[in-house]
**Student:** 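My questions will all concern the structure given below.
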Amino acid sequence: MDSVKARETVKVSSKGQVVIPSVFRKKMGISSGDQLGVTLTDDGQLVLEKLPSSLDWKELIAGIPVEQVDIDDKRHYDPKKSPNFNKWMHEE
């Protein structure tokens, strides 16, 4: 597991609920209605991670070029015929 950057103590309610401290919610951009992934690691650690929202996905795919890209049997394409795709593939 990554090194611990911050730690808070929380209580578990009778319904099994916990409140994520506001400092963590703010740092992670978590707000009401967001979905979190919960993972139990092999060493017994419980990990929460914010899942992308539909708006996050929309913004993520907005930059993907939409053009016809012909890939040959050697998995090559012509960058001149697909300039936007080529630019997207080589952005850093």
**Student:** Nearest 0.5 angstrom please: Glu67 CD to Trp88 CH2, how far?
**Tutor:** 11.0 Å
**Student:** Do Ile71 and His76 have side-chain heavy atoms sitting under 4.5 Å apart?
**Tutor:**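 No, every pair of side-chain atoms sits at 4.5 Å or beyond.
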**Student:** Are Val23 and Leu36 connected, step by step, through hydrophobic side chains (Ile, Leu, Val, Met, Phe, Trp, Tyr) whose heavy atoms are closer than 4.5 Å?
**Tutor:** yes
**Student:** Under a 3.5 Å distance rule, please check whether Ser82 uses its side chain to pair with a backbone N or O of Gln68 as donor and acceptor.
**Tutor:** yes
**Student:** Is there side-chain contact between Val47 and Val38, with heavy atoms separated by less than 4.5 Å?
**Tutor:** no
**Student:** Closer than 3.5 angstrom, by distance alone: can the side chain of Gln35 be matched with the main-chain N or O of Ser53 as a donor-acceptor pair?
**Tutor:**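 Judged by distance alone, no pair lies under 3.5 Å.
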**Student:** Tell me whether Lys50 is salt-bridged to Asp34, with the criterion being a basic N under 4.0 Å from an acidic carboxylate O.
**Tutor:**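 Counted as a salt bridge, because a side-chain N and a carboxylate O are separated by less than 4.0 Å.
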**Student:** Run the side chain to side chain contact (heavy atoms under 4.5 Å, CB included) test against Val10 and tell me which residues pass, sequence neighbours left out.
**Tutor:**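 Val10 satisfies side chain to side chain contact (heavy atoms under 4.5 Å, CB included) with Val18, Pro21 only.
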**Student:** Side chain to side chain contact (heavy atoms under 4.5 Å, CB included), that's the test. Do Ile20 and Leu48 meet it? Break it down for me.
**Tutor:** CA-CA 10 Å; Ile20 300 169; Leu48 297 176; 4.1 Å; yes
**Student:** Would you kindly confirm whether Ile30 and Val19 end up in one hydrophobic cluster when ILVMFWY residues are joined by side chain heavy atoms under 4.5 Å apart?
**Tutor:**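 No.
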**Student:** Decide yes or no on side chain to side chain contact (heavy atoms under 4.5 Å, CB included) for Gln17 and Val12, but give the supporting numbers first.
**Tutor:** CA-CA 5 Å; Gln17 299 168 324; Val12 179; over 6 Å; no
**Student:** Please check: side-chain N/O of Gln45 versus main-chain N/O of Leu40, any donor-acceptor pairing under 3.5 Å?
**Tutor:**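 No, because the side chain of Gln45 does not come within donor-acceptor range (under 3.5 Å) of the backbone of Leu40.
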**Student:** Using the side chain to side chain donor-acceptor pair (under 3.5 Å) definition, which of the options Asp72, Asp70, Asn86 pairs with Tyr77?
**Tutor:** Asn86
**Student:** Any donor-acceptor pair under 3.5 Å linking the side chain of Ser13 with the backbone of Lys15?
**Tutor:** yes
**Student:** For the NZ atom of Lys26 and the OG atom of Ser31, what is their distance to the nearest 0.5 Å?
**Tutor:** 13.0 Å
